[in-house]
Amino acid sequence: MENTKKPFINIESKVLGIFAPEEFSQLTTNEKLYTYHLSRAAWEGCKICFFQSTYESPGLFILFQYIFNQPINQLKKDCISSGISEDDWNKFCLYFAAFLQNTGNLLSFGDTKFIPEVAEEIFFKIIQNSFSYKNEDLKPIIDNLWNKTKGFVYCFEKPFDSRGLFPDGLTGYYSSDLEKEEVVLVNDFMKIMNISCLNTRIGKINSSEYVILIASVNIEEKKTHYYKEKKIHIVTGDYSSILRRVSYHLDKAIEFAANKNQKKMLENYVRHFNTGDIEHHKNSQRDWVKDVGPIIESDFGFIETYQDPTGVRAEFEGFVAVVNKKQSEQTAKVVSNADKFLENSPWPRDFEKDKFLKPDFTSLSVVSFGCSGTPIGINIPNYDDIRQNEGFKNVYLGNCLGKPTTIDFIETSLADNLLKYYTPCMFHIVIFHELLGHGCGKLLQEDSTGVKNFDPNIINPCTGKVVETWYKGNDTSRTVFGKLYSAYEECRADSVALYYSCFPESIDTLQIEYNGEWKEIMEGVFTEYVVGGLKSLQYYNLEKKEFSQAHVHGGYVILQVLLEAGNNFIIIEKTKKDNKDWIAVKIDTKQILTTGLNAIKNFLLKLNVFKSTADFEKATKLFAHYSVVNEFFLEIREIVVNNKKPRRIELQGNVELKNTGSNNEVVYKTYPETMEGVLESFKNRFSTIDNEMLSLWENSHEFMKPL
Ligand SMILES: [Zn+2]
């Protein structure tokens, strides 16, 4: 067994600055003010993510605010002179930097908890050195915060070690004492009542009384229902004090909006956050989709459900990004050629949308991304009906992509090739994943009046028979595929990216500057997927026997598909390096366009047809087949885990309003890429101690209970 305490974040973690000073400087004053208010809304709303992480995270956040409510250097000086080593100080800063960036003490990517590398007594000694602790009025508040959180901060025992549902793990979406069956019961009730789960959490009063908390500014009277002999209370006004500020800044941004769609979108956001009604959010996303190619892109709401163990509750997310003109011109070319690309897709035309809804695709640089981590590409909205009928948008967040310095396990020539072509390979993967990947494929549907959007006589290419299954009534791929959905859909999008790397026109269209180097990029993309599939094993949970993250689960499946193709196309062997267990991976690049392409083509056909036809049963079987981690891969996993590199810690800039006499000036601020830089950025972002957040935390303990 590996040492499970080996932190995924440790003192060797690198800080990645996500900055956009040049893009920001090109904005007009109005655009800067728009960006400012949206940034404020994003960061205030981001406090919700701490509540969604673990029970203790909101308390730890306030503790951070108290400890660092003074110049960081001063605190460091006082700590060192009281005998704390520089090493311990650095580990303390690292812990809070990681905690803030992940908006909680669970890794946002991978769902594992991380604990401080510095001993508990020293952690507390540092707290005692702070100005706040030396203030007699504040000392009891800090003692209280520390006493309520310290037991959790250092606990790495099950279920405290990972995100999940009790008894497998814990999450802030549910009172810690809620068991699976109870969550299912409340979710069923919500379905019947037509209440969206997205912006909710579930509390428990006792074994026959539950609370559904709906995020909203407005606090309405509590409604109580009886369902299957249980009492269920519906309570609005969850996160009210936080969302009030989100609404305030979104409302303030309206006067600086660039067009009517942006104004309407913002008004709908405000309605949504004020009332908690998801219909208003859906309307905001309709306006958002219509706002094609804006200079400043943004999105707000309870968006992604990756972190809810039941896959229905969403994390708060708010971002503002500024267009990157050159990259956007390149991605627009893929959009206008989408139909041409899809002529080469492995599935028949009947399984493709009648008309490819050309999504807006822009390349952006993030200015503020308030969430537990930044993605490098996004494709939203997630509402199937809007995606299907009105469209969606894709954004590539270019400044969030880091770059590795080494690539383990793969033969040297392929590692060097990938390092050399890393940027174009990732650009290809992200653009084809987001645009064609998530965008392609038709859902065969029959509406509630019996009208079908497909010819009922079409042949299913996987069975050779007439299609037998499809979506009915209000079915969506998310509801039909349930827990399988995220990993399956990410795998489908990645398979599309891998498949299209085999066509030179992909490079010619997207990255003309590399048109003589298509083969190298294709080899780089295959290398990235093979190595990525191996690395995904570090997110395989031995006890739960499942992958803890949708994208990496999909990545492992793709690796298995390529391996199953046989013919010695890919060889993975255990070996030794410097007397340590190691992995040697070879790809026979001469076979990429034969064995490799064939394997991914056949697999992609199945993935897509099963999704199109709502064939949950076959999809589950197919996916389960490639998800098996056998004895050999368990051994490989151990080597991967023992050699994993610590995750990066992201550092973002800030947009600030400077009052310079008669004029308000908006400035963009960057920070040094250090742990202290991360702390400083969060201090600047949240300059006053949020006592409302503290009461929100303490007042919810009667039903959002710790274990
Ligand atoms: Zn995706």
Side-chain angles (χ1 to χ4, degrees), residues 15-47 49 100-101 103 245-246 249-250 252-259 262 265-266 269 288 291 293-301 303 316-328 331 360-378 380 393-402 430 649-658 664-673 677-678 680-687:
V15 175
L16 173 74
I18 296 172
F19 301 133
E22 271 165 48
E23 293 88 334
F24 187 83
S25 70
Q26 288 164 13
L27 300 178
T28 64
T29 306
N30 255 23
E31 288 167 346
K32 284 181 181 169
L33 282 160
Y34 186 68
T35 307
Y36 166 74
H37 285 294
L38 294 185
S39 291
R40 285 316 311 156
W43 287 120
E44 283 300 333
C46 173
K47 288 175 179 168
C49 305
L100 292 165
Q101 192 252 274
T103 60
R245 296 173 231 159
V246 175
H249 282 289
L250 291 172
K252 280 277 172 194
I254 293 175
E255 71 168 293
F256 306 110
N259 58 52
Q262 282 183 2
M265 166 189 87
L266 291 168
Y269 280 141
W288 185 72
D291 185 26
I295 304 278
I296 299 164
E297 187 58 280
S298 65
D299 201 59
F300 287 84
I303 314 279
F316 178 89
E317 173 177 321
F319 79 80
V320 200
V322 179
V323 74
N324 178 323
K325 283 210 177 100
K326 185 182 163 261
Q327 286 191 335
S328 297
T331 52
D360 180 38
F361 199 118
T362 39
S363 238
L364 304 170
S365 297
V366 164
V367 174
S368 303
F369 203 111
C371 198
S372 58
T374 61
I376 50 176
I378 41 182
I380 38 180
K393 287 202 279 190
N394 289 279
V395 295
Y396 172 61
L397 304 172
N399 62 343
C400 298
L401 176 71
V430 173
I649 292 173
E650 297 167 1
L651 161 66
Q652 296 185 42
N654 276 320
V655 181
E656 292 179 355
L657 197 58
K658 284 257 147 63
N664 281 332
E665 198 196 338
V666 190
V667 294
Y668 181 79
K669 213 169 152 185
T670 60
Y671 300 87
E673 288 177 278
V678 177
E680 193 68 43
S681 74
F682 273 90
K683 278 184 56 170
N684 289 172
R685 210 161 278 153
F686 304 112
S687 53

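Judged purely by atom type and a 3.5 angstrom limit, S687 has no side-chain atom pairing as donor or acceptor with the backbone of N684. When atom types are taken as modelled, the side chain of N399 and the backbone of S365 share no donor-acceptor pair closer than 3.5 angstrom. In this structure a side-chain-to-backbone donor-acceptor pair under 3.5 Å is missing from E650 to G373. No donor-acceptor pair under 3.5 Å is formed between the side chain of T103 and the backbone N or O of L100. No donor-acceptor pair under 3.5 Å is formed between the side chain of Y671 and the backbone N or O of Q652. Between the side chain of W288 and the backbone N or O of F300 there is no donor-acceptor pair closer than 3.5 Å. When atom types are taken as modelled, the side chain of E680 and the backbone of G677 share no donor-acceptor pair closer than 3.5 angstrom. Side chain of R685 to backbone of G653: a donor-acceptor contact under 3.5 angstrom is found.
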| field | Verdict with reasoning, L33 to L657, per side chain to side chain contact (heavy atoms under 4.5 Å, CB included) | value | CA-CA 8 Å; L33 282 160; L657 197 58; 3.9 Å; yes

| Can you check side chain to side chain contact (heavy atoms under 4.5 Å, CB included) on I303 and I380, steps first, answer last? | CA-CA 8 Å; I303 314 279; I380 38 180; 3.7 Å; yes

| task | Show the numbers, then the answer: is there a side chain to side chain contact (heavy atoms under 4.5 Å, CB included) between F369 and I18? | result | CA-CA 10 Å; F369 203 111; I18 296 172; over 6 Å; no

| task | Begin with the C-alpha distance, continue with both residues' side-chain angles, and end with the deciding distance and a verdict on side-chain hydrogen bond (donor to acceptor under 3.5 Å, both in side chains) for Q262 and Y34. | result | CA-CA 11 Å; Q262 282 183 2; Y34 186 68; 3.3 Å; yes

| request: Applying side chain to side chain contact (heavy atoms under 4.5 Å, CB included), run through I378 and Y396 and close with a yes or a no. | output: CA-CA 7 Å; I378 41 182; Y396 172 61; over 6 Å; no

| field | Test side-chain hydrogen bond (donor to acceptor under 3.5 Å, both in side chains) applied to N654 and Y36, step by step | value | CA-CA 9 Å; N654 276 320; Y36 166 74; over 6 Å; no

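Atom CG of N324 sits about 8.0 Å away from atom CG of L364, to the nearest 0.5 Å. Between L38 atom CG and Y269 atom OH the span is 9.0 Å, to the nearest 0.5 Å. Note: I295 CD1 to L27 CG = 8.0 Å, rounded to the nearest 0.5 Å. For the atom pair NZ of K669 and CD of E656, the computed distance is 4.5 Å after rounding to the nearest 0.5 Å. Atom NZ in K32 sits 13.0 Å away from atom OG in S39 (nearest 0.5 Å). Atoms NE2 and CD1, from H249 and I254 in turn, are 13.5 Å apart once rounded to the nearest 0.5 Å.
Of all heavy-atom pairs between S298 and M265, the closest is OG-CE, 3.9 Å. Nearest heavy-atom pair across A20 and V367 is CB-CG2, 4.3 Å. Scanning all heavy atoms of the two residues, the minimum distance from C400 to V366 falls at SG-CG2, 3.7 Å. The minimum heavy-atom distance linking E23 with V323 is given by the pair CG-O, 4.2 Å. The minimum heavy-atom distance linking C371 with C46 is given by the pair N-SG, 3.7 Å. S681 approaches L651 most closely through the heavy-atom pair OG-CD1, 3.6 Å.
Taking 4.5 Å as the limit, every side-chain heavy atom of V667 sits out of range of all side-chain heavy atoms of V655. Residues F19 and Y668 are in side-chain contact: their nearest non-hydrogen atoms beyond the backbone lie under 4.5 Å apart.
Side-chain contact, K658 with N664: no donor N or O sits under 3.5 Å from an acceptor N or O.
Classification of K252 and E255 as a salt-bridged pair fails, no side-chain N sitting under 4.0 Å from a carboxylate O. Taking the charged nitrogens against the carboxylate oxygens, E297 and K393 do have a contact shorter than 4.0 Å, which makes a salt bridge.
Between H37 and F256, the angle of the ring planes stays under 30°, which puts this pair in the parallel group of the 30/60° scheme. Aromatic ring orientation, F686 versus W43: perpendicular (interplanar angle above 60°, classes split at 30° and 60°).
Atom CD of E673 has more than 12 heavy atoms from other residues, nucleotides or ligands within 6.0 Å.
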